[in-house]
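All chains are named by letter (A, B, ...) in the order of the sequence lines, taking the proteins before the strands, and each is independently numbered beginning at 1.
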There are 2 protein chains.
Amino acid sequence: MGTAERKEREKAELKELILKTAKDILVKNGQDGLSIRKIASIVEYSPATIYLYFKDKDEILHELMEVGFKMMGSYMKHISPDMSPIERIHKTGEAYIKFGLENKDWYDLMFNSEKPMKHIFDCGAEWNEGMNMFNFLVLNCEQAIKENNLTNLEPQILALQLWSTVHGLVNLTLSERMCIVVEGEPNELINKTLTSMLVSIFNQVK
Amino acid sequence: MGTAERKEREKAELKELILKTAKDILVKNGQDGLSIRKIASIVEYSPATIYLYFKDKDEILHELMEVGFKMMGSYMKHISPDMSPIERIHKTGEAYIKFGLENKDWYDLMFNSEKPMKHIFDCGAEWNEGMNMFNFLVLNCEQAIKENNLTNLEPQILALQLWSTVHGLVNLTLSERMCIVVEGEPNELINKTLTSMLVSIFNQVK
DNA sequence: CAAATATACTGAACACTGTTTATTAAATCC
DNA sequence: GGATTTAATAAACAGTGTTCAGTATATTTG
């Protein structure tokens, strides 16, 4: 009889409901507003029940982080292999920054918070999504170096340089350290800085 | 009679003791381990008493942030006007990164945490320490641009580019996003990236 | 069909958090 | 010495993540 299957399906459904609820709270109330007890009260189970579906809060944050990476992917759909490596790098940077600025809570989960990372280290797991993103960047750097005869550059170091700069720009903006130090439209400053970096590296943009 | 003066002195002393205790807890237990109640129990007053000396926790974190900037200053003492602007920029970057990596909790308070900033916005105050740091960087950029005839560069944008990169490097390292994505000694990777950036901008280091 | 087992769930507790308010105790002023 | 100002606090409020003993229901076994 299919009662075992039905039960398993119901368990999976509740787990999904918990995750969906966590996602909604994150969007509506931010990371500080996201608590196990709030999730529990919305799905109408006791807080203890949440722990039958997730090891702890870090695991929930880790799964939300993965959702964040999927969202980020949709910001980068338009980046095609037809573009030049430099253009690809430029578009990736723009999309990365746009995603970060428009999705602070997701960005923090993905690139700042210690909690999803703690879960990864506790489980001996990998940060596949982040690794894929970085490897894609390294690949583009390799091609850009080859196509432009920039033999003095190392792809990995160049990728680190690019990532650090956009990560820094996003964080300085989100933490309001940038706006307090320099006047001017944030988006314009960010784009100018991104362009400045690409020019300094490749002596061209696009 | 000097009883009013004595009372005032005693109030200032307790305020200083609270701050010193907060500092000790931050160093020993990190930002998560720093609570009003823990401060209160160590200075042997009730938690409510803390609120007679500070508006709220954000104010304490703001004052700790200012201590952090003083600490950072001591990492930059050796940077002298005798150096070339580019060398000054290089040494500033190195010192900034060294401070960040060696003082995670202070760095977070100064450049990541929303709480000290919330206090600044609530009080209509200014982020003087951060501003001074940034202005010093802009000044060095101006001089570097002038001395090296890099007329296509804007000092402010260049400063933003430099700051973003070192800020990104520090954060990616502290949040363990860098070590999980790329193998190799972190310090070496960071120095290579810093050098790579300076070379790409100035076509030279030092 | 009844008894035994397995599953799912929860109440209550533990040890915390920041913050406010009414109240008390002590020191100072007149 | 009595009135007043000041300093400090106990207790409460409204939360937090997490654990565990206990219960009720559903399923399986004899």
Counting any heavy atom closer than 4.0 Å, what does B:Phe54 reach on the DNA or RNA strands: base, sugar-phosphate only, or nothing?
nothing
Find the distance A:Gln31:CD to D:dT16:C1' and express it as a whole number of Å.
15 Å
Between B:Gly33 and A:Glu44, name the one whose nearest nucleotide on DNA chain C is closer to the 5' end.
A:Glu44
A quick test of your reading: do over 12 heavy atoms of other residues, nucleotides or ligands sit less than 6.0 Å from CG of B:Asp32?
no
Compare side-chain N and O positions of B:Tyr45 against OP1 and OP2 of D:dA7 and report whether any pair is under 4.0 Å apart.
no
Between B:Asp32 and A:Arg37, which is nearer to the 5' end of DNA chain C once each is assigned its nearest nucleotide?
A:Arg37
Side-chain donor-acceptor contact under 3.5 Å, B:Asn112 with A:Asn112:
no
Indicate whether OP1 or OP2 belonging to C:dC9 is found under 4.0 Å from a side-chain N or O atom of A:Thr49.
no
Report the distance from atom CG of A:Asp56 to atom P of D:dT18, rounded to the nearest whole Å.
5 Å
Rounded to the nearest angstrom, tell me the gap between atom NZ in B:Lys15 and atom P in D:dA8.
14 Å
Between A:Ser46 and C:dC9, is there a contact of a side-chain N or O with OP1 or OP2 at under 4.0 Å?
no
Whole angstroms only, please: what is the CD1-C1' distance between B:Ile25 and C:dT17?
14 Å
Closest approach to the side chain of A:Ala48, judged atom by atom: which nucleotide of D:dT19, D:dG17, D:dA8 is it?
D:dT19
Checking A:Phe69 against A:Phe99 for the ring pair (Phe, Tyr, Trp, His ring centres under 6.0 Å) test, could you report, in this order, the C-alpha distance in whole Å, the side-chain angles of both residues, the deciding distance, and whether it holds?
CA-CA 10 Å; A:Phe69 272 102; A:Phe99 170 81; 8.2 Å; no
Within the pair A:Tyr51 and C:dC9, is there a side-chain N or O less than 4.0 Å away from OP1 or OP2?
no
Rounded at 0.5 Å granularity, tell me how far CD1 in A:Ile79 sits from OG1 in A:Thr92.
3.5 Å
Nearest to the side chain of A:Lys38, which nucleotide is it out of D:dT16, D:dT9, C:dT10?
D:dT16
Integer-rounded Å distance: C:dA6 C1' and A:Lys11 NZ
12 Å
Output the rounded distance in Å from CD1 (A:Ile36) to P (C:dT17).
19 Å
Could you give the OH-to-C1' distance, from B:Tyr53 to D:dA7, as a whole number of Å?
7 Å
Which residue is it: A:Phe134, A:Trp106, A:Tyr96? I am looking for the one with a ring pair (Phe, Tyr, Trp, His ring centres under 6.0 Å) to A:Phe111.
A:Tyr96
What's the closest nucleotide to the A:Lys57 side chain, out of C:dG11, C:dT21, D:dT18?
D:dT18
Nearest whole angstrom, please: distance from the C1' of C:dG18 to the CG of B:Leu52.
15 Å
